[in-house]
Amino acid sequence: MDTHWTETLFPGAVILRRYAVERADTLISELDAILRQAPLRQMKTPGGRTIAVQNSSCGEFGWISDTHGYRYIRFDPISKAPWPAMPQGFKDLAIDAARAAGFDKFIPDSCLINRYLPGTKLSLHQDKDELDFNHPIVSVSLGMPAIFVFGGLQRSDPLSSIKLEHGDVLVWGGPARLLFHGVKSVKDQPHGTLGSQRINLTFRRAK
DNA sequence: CAGTAGCC
DNA sequence: CACT
C-alpha cells in the first residue's frame, strides 16, 4: 500500500512525493504505445546545439525545437501525423496532481516526454512557449532519480536543488510559473522497471 | 554582438 | 568557448 505526501518549495511550487507510484506501471505501458508512434528523437536548440535529452510528445500539441525556435505544433515533424493522443490515464494524473497542488482548472493539451540516459542534463531555462502562464506545469518523474534545480526569474538568481524520484510529481504555477529550472547530470542508478533511464512527463496547456 | 531546454 |  503506497502513500504520498506534499512539500511546498516556494509559493506556487509543490512536490507531491510518490503521488504517481500506483499509476506508474500503467503510465509506462501507455508510454510504450506512444513511443512506437512517435519515437524519441534529439532536437537542436535555435542556436544549433544538440539538446541532450531525448523527447517526444503526445496530446493535441507537441513541443519542438529547431533553428526556427521553440514552439508547439499539432503534427510530429518526423511522421507528419498528429501526435499520439494523450491517454486518459496521463490526463487524469495531470489533472488530479494539479488539483492536489492547488490548481483546479488545469486541463493539459500537451505532454512532453523526456528521456534522460546516464550523463544527460538539462541546462537552466524557463518554460515560456505556452500561451497562458496562468496554467501550471505538471512534471512526473519515472525511473532513475535526478536532481532538479530551481532558480529565480532571472538566470543569475541563486539556485536550489531538489531530488526527484520515481513517482514524484512536481507542480509549479502562479508566482513560480516562470522560474528558471533545469536538471543536473543524471547518475546511473538503474531503476527496477525502467533500468538505466529517467522518464519525465511534463504536462502543459500550450494553447 | 549577444545569448545559450549548449559543452568542458 | 562555439554556434547562429
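Please read all numbers here as calculations on a predicted model, not as lab measurements.
Applying the side-chain hydrogen bond (donor to acceptor under 3.5 Å, both in side chains) criterion to A:S139, with sequence neighbours excluded, gives A:N200.
In this model, the phosphate group of B:dA5 is approached by a side-chain N or O of A:T45 to a distance below 4.0 Å at OP1 or OP2. Contact annotation: A:R155 side-chain N/O to B:dT4 OP1/OP2 distance is under 4.0 Å.
Listed nucleotides: B:dC7, B:dT4, B:dA5. Nearest to the side chain of A:A52: B:dC7.
For the C1' atom pair drawn from B:dT4 and B:dC8, the interatomic distance equals 15 Å after rounding to whole Å. Nucleotides B:dC7 and B:dG3 have their C1' atoms positioned 15 Å apart, rounded to a whole Å.
Between the CZ atom of A:R115 and the P atom of B:dA5 there is a distance of 22 Å, rounded to whole Å. When the P atom of B:dA5 is taken as reference, atom CG of A:L112 falls 14 Å away, rounded to whole Å. When the C1' atom of B:dT4 is taken as reference, atom NZ of A:K44 falls 15 Å away, rounded to whole Å. One can place CG of A:L124 at 10 Å from C1' of B:dA5, the figure rounded to the nearest angstrom. A straight line from CZ of A:F180 to P of B:dT4 spans 7 Å, rounded to a whole angstrom. If you measure from atom CZ of A:R41 to atom P of B:dA5, you get 19 Å, rounded to the nearest angstrom. The distance between atom NZ of A:K128 and atom P of B:dT4, rounded to the nearest whole Å, is 7 Å. Distance, A:E130 CD to B:dA5 P: 15 Å, rounded to whole Å.
Nucleotides of DNA chain C lying under 4.0 Å from heavy atoms of chain A occupy a range whose first and last members, 5' to 3', are C:dA2 to C:dT4.
As judged by a 4.0 angstrom heavy-atom cut-off over every strand, A:N114 is placed among residues making no nucleic acid contact. Backbone-only engagement by A:T50 is indicated by non-hydrogen atom pairs under 4.0 Å involving sugar-phosphate atoms exclusively. Residue A:R204 is in base contact, counting any heavy-atom pair closer than 4.0 Å across all strands shown. Counting non-hydrogen atoms under 4.0 angstrom, A:S65 reaches nothing in the nucleic acid. When heavy atoms are screened at a 4.0 angstrom cut-off, A:L122 is found touching base atoms of the nucleic acid.
Contact check on A:R204 versus A:D129 returns no salt bridge, with no Lys/Arg side-chain nitrogen under 4.0 Å from an Asp/Glu carboxylate oxygen.
Side-chain contact check for A:D168 and A:H166: no donor-acceptor pair (N or O, by modelled atom type) lies under 3.5 Å. Judged by distance alone, the side chains of A:D188 and A:S196 do bring a donor and an acceptor atom under 3.5 Å apart.
Ring orientation note: the planes of A:W172 and A:F148 are tilted relative to one another, at an angle of 30° to 60°.
Listed by first then second residue, pairs satisfying side-chain hydrogen bond (donor to acceptor under 3.5 Å, both in side chains) with a partner in residues 32-42 of chain A read A:R41-A:D76, not counting sequence neighbours. The side-chain hydrogen bond (donor to acceptor under 3.5 Å, both in side chains) contacts involving residues 77-90 of chain A comprise A:Q88-A:D92, where partners must be two or more places apart or lie in separate chains.
Taking a pair as Watson-Crick or G-U with both hydrogen-bonding distances under 3.5 Å, the stems of three or more pairs touching DNA chain C are B:2-4 with C:2-4.
Once rounded to the nearest 0.5 Å, the distance linking NZ of A:K187 with CZ of A:R198 reads 14.0 Å.
Between A:E130 and the options A:K207, A:R205, A:R177, a salt bridge (Lys or Arg N to Asp or Glu O under 4.0 Å) holds for only A:R177.
A:F203 forms part of a hydrophobic cluster together with A:V14, A:L16, A:Y19, A:L27, A:I28, A:L31, A:I34, A:L35, A:L40, A:M86, A:F90, A:L93, A:F103, A:F106, A:I113, A:V138, A:V140, A:L142, A:V169, A:V171, A:L194, A:I199, A:L201, judged by ILVMFWY side-chain heavy-atom separations under 4.5 Å.
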